[in-house]
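Here's the structure we're looking at; comments come further down.
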Amino acid sequence: LNNKNRSKYQIKAGIDLGIVEPFTMVVLNKHDKVSALYTANAQIKRLNLKRERLIKERHCILGKCDAYVHLGLDAAKLSCEAKCKRNKITILGKEIAHLIAADVSRKLIKHDMNIVNVEDLRWVKGRTYGGRWNHSAQQECIAHSLAREGIAVKKVNACNTSQECSRCGKIVKHNAQTRMAYCPSCKLKRDRDVNAAINIAKRS
(Lines give C-alpha, C1' and ligand atoms only; values in the text may rest on other atoms or scores of the structure.)
Protein backbone atom coordinates (compact mmCIF):
# COMPACT_ATOMS: atom_id res chain seq x y z
CA LEU A 1 0.00 0.00 0.00
CA ASN A 2 1.18 3.52 -0.69
CA ASN A 3 1.09 6.28 1.91
CA LYS A 4 -2.22 7.66 0.65
CA ASN A 5 -3.98 4.31 0.96
CA ARG A 6 -2.49 3.56 4.37
CA SER A 7 -4.07 6.58 6.04
CA LYS A 8 -7.67 5.54 5.28
CA TYR A 9 -7.47 2.73 7.81
CA GLN A 10 -7.09 5.29 10.63
CA ILE A 11 -4.68 3.06 12.52
CA LYS A 12 -2.21 4.61 14.93
CA ALA A 13 1.10 3.57 16.43
CA GLY A 14 3.04 4.77 19.44
CA ILE A 15 6.47 3.98 20.88
CA ASP A 16 7.43 4.29 24.54
CA LEU A 17 11.17 4.19 25.21
CA GLY A 18 12.34 3.14 28.65
CA ILE A 19 15.21 2.01 30.84
CA VAL A 20 13.89 -1.31 32.13
CA GLU A 21 12.03 -2.13 28.91
CA PRO A 22 14.05 -0.62 26.01
CA PHE A 23 10.95 -0.01 23.91
CA THR A 24 7.25 -0.82 23.85
CA MET A 25 5.29 -0.24 20.65
CA VAL A 26 1.56 -0.57 20.10
CA VAL A 27 -0.52 -0.41 16.94
CA LEU A 28 -4.12 0.71 17.47
CA ASN A 29 -7.05 0.04 15.14
CA LYS A 30 -9.67 2.64 14.16
CA HIS A 31 -11.49 1.98 17.46
CA ASP A 32 -8.29 2.75 19.45
CA LYS A 33 -7.99 -0.88 20.51
CA VAL A 34 -4.58 -2.59 20.58
CA SER A 35 -4.20 -4.68 17.44
CA ALA A 36 -0.47 -5.38 17.91
CA LEU A 37 2.00 -5.09 20.77
CA TYR A 38 5.79 -5.30 20.48
CA THR A 39 8.70 -5.12 22.90
CA ALA A 40 12.48 -5.37 22.49
CA ASN A 41 13.99 -8.68 21.44
CA ALA A 42 16.42 -10.69 23.55
CA GLN A 43 19.53 -9.19 21.94
CA ILE A 44 18.44 -5.61 22.62
CA LYS A 45 17.47 -6.44 26.21
CA ARG A 46 20.81 -8.14 26.82
CA LEU A 47 22.78 -5.17 25.52
CA ASN A 48 20.59 -2.77 27.47
CA LEU A 49 21.27 -4.64 30.72
CA LYS A 50 25.00 -4.54 29.96
CA ARG A 51 24.82 -0.77 29.39
CA GLU A 52 22.95 -0.26 32.66
CA ARG A 53 25.58 -2.30 34.50
CA LEU A 54 28.38 -0.19 33.01
CA ILE A 55 26.57 3.01 34.01
CA LYS A 56 26.33 1.82 37.63
CA GLU A 57 30.01 0.78 37.61
CA ARG A 58 31.02 4.19 36.26
CA HIS A 59 29.00 6.00 38.93
CA CYS A 60 30.75 3.88 41.58
CA ILE A 61 34.17 4.73 40.13
CA LEU A 62 33.32 8.44 40.00
CA GLY A 63 32.28 8.26 43.65
CA LYS A 64 35.65 6.74 44.56
CA CYS A 65 37.40 9.35 42.45
CA ASP A 66 35.68 12.17 44.35
CA ALA A 67 36.64 10.53 47.65
CA TYR A 68 40.30 10.29 46.55
CA VAL A 69 40.37 13.95 45.55
CA HIS A 70 38.79 14.94 48.87
CA LEU A 71 41.54 13.03 50.71
CA GLY A 72 44.25 14.59 48.54
CA LEU A 73 45.13 11.30 46.83
CA ASP A 74 45.98 10.73 43.17
CA ALA A 75 42.79 9.79 41.30
CA ALA A 76 44.30 9.69 37.78
CA LYS A 77 43.85 5.93 37.33
CA LEU A 78 40.26 6.07 38.52
CA SER A 79 39.52 8.98 36.16
CA CYS A 80 41.00 7.01 33.26
CA GLU A 81 38.89 3.97 34.16
CA ALA A 82 35.73 6.10 34.36
CA LYS A 83 36.50 7.56 30.91
CA CYS A 84 36.95 4.05 29.49
CA LYS A 85 33.56 3.03 30.93
CA ARG A 86 31.95 6.13 29.45
CA ASN A 87 33.27 5.27 25.97
CA LYS A 88 31.90 1.74 26.25
CA ILE A 89 28.52 3.11 27.37
CA THR A 90 28.43 5.44 24.36
CA ILE A 91 29.27 2.65 21.92
CA LEU A 92 26.66 0.35 23.43
CA GLY A 93 24.07 3.12 23.36
CA LYS A 94 24.59 3.65 19.63
CA GLU A 95 24.37 -0.08 18.93
CA ILE A 96 21.13 -0.38 20.93
CA ALA A 97 19.66 2.64 19.13
CA HIS A 98 20.38 1.17 15.69
CA LEU A 99 18.96 -2.24 16.67
CA ILE A 100 15.78 -0.67 18.02
CA ALA A 101 15.39 1.43 14.87
CA ALA A 102 15.75 -1.61 12.61
CA ASP A 103 13.32 -3.66 14.68
CA VAL A 104 10.71 -0.89 14.80
CA SER A 105 11.06 -0.30 11.07
CA ARG A 106 10.42 -3.95 10.21
CA LYS A 107 7.32 -4.09 12.39
CA LEU A 108 5.77 -0.86 11.11
CA ILE A 109 6.33 -1.89 7.49
CA LYS A 110 4.42 -5.08 8.22
CA HIS A 111 1.44 -3.00 9.35
CA ASP A 112 1.65 -0.60 6.38
CA MET A 113 2.00 2.40 8.68
CA ASN A 114 2.86 5.85 7.37
CA ILE A 115 3.38 7.59 10.72
CA VAL A 116 4.30 6.70 14.30
CA ASN A 117 4.13 8.81 17.45
CA VAL A 118 6.99 9.22 19.92
CA GLU A 119 7.37 11.42 22.98
CA ASP A 120 8.88 14.88 22.61
CA LEU A 121 12.01 14.43 24.73
CA ARG A 122 13.48 17.92 24.52
CA TRP A 123 13.18 18.11 28.34
CA VAL A 124 15.69 15.25 28.75
CA LYS A 125 18.81 17.28 29.40
CA GLY A 126 21.77 17.40 31.73
CA ARG A 127 23.86 14.81 33.49
CA THR A 128 20.96 13.27 35.43
CA TYR A 129 18.88 12.32 32.38
CA GLY A 130 21.14 12.79 29.39
CA GLY A 131 23.84 10.46 30.70
CA ARG A 132 21.48 7.68 31.72
CA TRP A 133 18.80 7.86 29.08
CA ASN A 134 19.68 7.21 25.47
CA HIS A 135 16.18 7.99 24.22
CA SER A 136 16.90 11.07 22.11
CA ALA A 137 19.59 9.18 20.16
CA GLN A 138 17.22 6.25 19.77
CA GLN A 139 14.52 8.53 18.39
CA GLU A 140 16.97 9.98 15.85
CA CYS A 141 17.92 6.49 14.68
CA ILE A 142 14.25 5.47 14.46
CA ALA A 143 13.39 8.59 12.44
CA HIS A 144 16.34 8.03 10.08
CA SER A 145 15.47 4.36 9.56
CA LEU A 146 11.76 5.01 9.00
CA ALA A 147 12.39 7.93 6.63
CA ARG A 148 13.93 5.48 4.15
CA GLU A 149 10.63 3.57 4.20
CA GLY A 150 8.43 6.66 3.83
CA ILE A 151 7.24 6.49 7.45
CA ALA A 152 7.15 9.74 9.42
CA VAL A 153 7.96 10.13 13.12
CA LYS A 154 5.73 12.58 14.95
CA LYS A 155 6.75 13.99 18.35
CA VAL A 156 3.84 14.44 20.74
CA ASN A 157 3.48 15.95 24.22
CA ALA A 158 5.21 13.67 26.74
CA CYS A 159 3.31 15.02 29.76
CA ASN A 160 1.78 12.25 31.91
CA THR A 161 1.90 9.51 29.28
CA SER A 162 2.70 7.06 32.08
CA GLN A 163 0.44 8.71 34.66
CA GLU A 164 -2.84 8.79 32.73
CA CYS A 165 -5.13 5.80 32.26
CA SER A 166 -5.15 4.87 28.58
CA ARG A 167 -8.87 4.05 28.84
CA CYS A 168 -10.47 6.87 30.84
CA GLY A 169 -7.67 9.44 31.24
CA LYS A 170 -7.69 9.47 35.05
CA ILE A 171 -4.47 9.26 37.10
CA VAL A 172 -3.28 5.69 37.62
CA LYS A 173 -1.39 4.03 40.46
CA HIS A 174 1.89 2.26 39.71
CA ASN A 175 3.34 -0.88 41.25
CA ALA A 176 7.12 -0.51 41.02
CA GLN A 177 7.78 -4.23 41.51
CA THR A 178 5.33 -5.62 38.94
CA ARG A 179 5.54 -2.52 36.68
CA MET A 180 1.76 -2.55 36.40
CA ALA A 181 -0.55 0.47 36.24
CA TYR A 182 -3.94 0.34 37.96
CA CYS A 183 -6.73 2.86 37.44
CA PRO A 184 -8.92 3.35 40.56
CA SER A 185 -11.60 4.97 38.39
CA CYS A 186 -12.27 2.42 35.61
CA LYS A 187 -10.43 -0.52 37.27
CA LEU A 188 -8.13 -1.02 34.29
CA LYS A 189 -4.95 -2.96 35.08
CA ARG A 190 -2.26 -2.81 32.42
CA ASP A 191 1.52 -2.91 32.01
CA ARG A 192 2.77 0.63 32.65
CA ASP A 193 4.85 0.74 29.44
CA VAL A 194 1.92 -0.50 27.34
CA ASN A 195 -0.30 2.10 29.00
CA ALA A 196 2.20 4.84 28.08
CA ALA A 197 2.60 3.59 24.50
CA ILE A 198 -1.19 3.65 23.98
CA ASN A 199 -1.40 7.22 25.29
CA ILE A 200 1.45 8.23 22.97
CA ALA A 201 -0.29 6.62 19.98
CA LYS A 202 -3.55 8.46 20.71
CA ARG A 203 -2.01 11.92 20.97
CA SER A 204 -2.05 14.33 18.06
Side-chain angles (χ1 to χ4, degrees), residues 1-41 44-45 48 93 96-125 129-130 132-172 174 179-181 183 186 188 190-204:
L1 295 177
N2 57 36
N3 288 354
K4 186 176 181 179
N5 289 333
R6 290 176 191 170
S7 61
K8 71 178 182 180
Y9 291 98
Q10 299 178 335
I11 55 178
K12 307 170 186 175
I15 303 172
D16 177 56
L17 300 171
I19 296 175
V20 177
E21 182 61 56
F23 83 88
T24 301
M25 183 171 71
V26 297
V27 177
L28 307 181
N29 60 25
K30 61 182 180 180
H31 303 295
D32 282 346
K33 301 295 183 182
V34 178
S35 61
L37 168 63
Y38 302 104
T39 57
N41 58 41
I44 293 172
K45 289 181 178 180
N48 191 62
I96 292 168
H98 285 292
L99 287 172
I100 288 176
D103 200 19
V104 165
S105 182
R106 285 191 296 268
K107 289 173 170 58
L108 289 177
I109 290 170
K110 184 173 72 173
H111 288 279
D112 291 313
M113 299 296 298
N114 65 352
I115 190 168
V116 61
N117 286 356
V118 299
E119 290 179 301
D120 187 341
L121 297 177
R122 283 177 293 183
W123 62 275
V124 181
K125 295 178 181 178
Y129 294 109
R132 185 170 174 79
W133 290 9
N134 194 39
H135 301 349
S136 294
Q138 289 171 2
Q139 284 187 355
E140 289 178 9
C141 283
I142 289 171
H144 182 72
S145 179
L146 294 182
R148 294 196 297 260
E149 306 298 336
I151 304 173
V153 172
K154 182 179 180 181
K155 293 186 178 182
V156 299
N157 188 355
C159 183
N160 291 333
T161 53
S162 297
Q163 306 301 320
E164 291 180 3
C165 174
S166 55
R167 178 191 286 170
C168 70
K170 302 293 184 180
I171 298 299
V172 298
H174 289 116
R179 296 189 59 76
M180 296 297 292
C183 179
C186 69
L188 176 69
R190 180 173 273 159
D191 180 275
R192 60 187 295 179
D193 296 324
V194 174
N195 183 72
I198 294 172
N199 284 331
I200 293 168
K202 287 180 177 181
R203 295 190 177 182
S204 57

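A side-chain donor-acceptor contact under 3.5 Å links Glu119 and Thr161.
Residue Ile200 holds its CD1 atom at 8.5 Å from CD1 of Ile15, rounded to the nearest 0.5 Å. Put simply, CG on Asn41 and CG on Asp103 are 5.0 Å apart, with the number rounded to the nearest 0.5 Å. Going from atom CD1 of Ile142 over to atom NE2 of His98 covers 11.5 Å, rounded to the nearest 0.5 Å. For the atom pair Ile44 CD1 and Leu99 CG, the distance stands at 5.5 Å (nearest 0.5 Å). Considering OG of Ser35 and NZ of Lys30, their distance stands at 12.5 Å, rounded to 0.5 Å. Here the CD1-CG distance, from Ile109 to Asp112, works out to 9.5 Å after rounding to the nearest 0.5 Å.
The side-chain heavy atoms of Arg192 and Val172, taken from C-beta on, include no pair separated by under 4.5 Å. In this structure the side chain of Tyr38 never reaches within 4.5 angstrom of the side chain of Arg106, judged on heavy atoms. The shortest side-chain heavy-atom distance between Asp120 and Val156 does not fall under the 4.5 Å cut-off.
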Apply side-chain contact (heavy atoms from CB on, under 4.5 Å) to residues Leu17 and Val118 and explain how you reach the verdict.
CA-CA 8 Å; Leu17 300 171; Val118 299; over 6 Å; no
Between Asp193 and Arg179, is a side-chain contact (heavy atoms from CB on, under 4.5 Å) present by the stated rule, with each step listed?
CA-CA 8 Å; Asp193 296 324; Arg179 296 189 59 76; 3.1 Å; yes
Pair Cys141, Ile100 - check side-chain contact (heavy atoms from CB on, under 4.5 Å), show working.
CA-CA 8 Å; Cys141 283; Ile100 288 176; over 6 Å; no
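The two residues Cys186 and Cys165 make their nearest non-hydrogen contact at SG-SG, 3.5 Å. Taking both residues in full, the closest heavy atoms of Lys154 and Ser204 are given as NZ-C, 3.4 Å, listed atom of the first, atom of the second, then distance. When all heavy atoms of Cys183 and Lys170 are compared, the closest pair comes out as SG-CB, 4.2 Å. Summarising the geometry of Glu21 relative to Ala40, their closest heavy-atom pair is OE2-N, 3.4 Å, with the distance given to 0.1 Å. Between Val153 and Leu146, the shortest heavy-atom contact is CG2-CD1, 3.7 Å. Nearest heavy atom pair, residue Ile115 against residue Ile151, reads N-CG2, 3.8 Å.
Remark: the backbone N or O of Ile11 is not paired with any side-chain donor or acceptor of His111 at under 3.5 angstrom. Here the side chain of Thr24 pairs no donor or acceptor atom with the backbone of Val194 at under 3.5 angstrom.
Environment of NE2 in His144: sparse, with no more than 12 heavy atoms of neighbouring residues, nucleotides or ligands closer than 6.0 Å.
Of the options Asn195, Asp16, Leu37, a side-chain contact (heavy atoms from CB on, under 4.5 Å) to Val26 is made by Leu37 and by none of the others.
Taking the charged nitrogens against the carboxylate oxygens, Glu164 and Arg203 do have a contact shorter than 4.0 Å, which makes a salt bridge.
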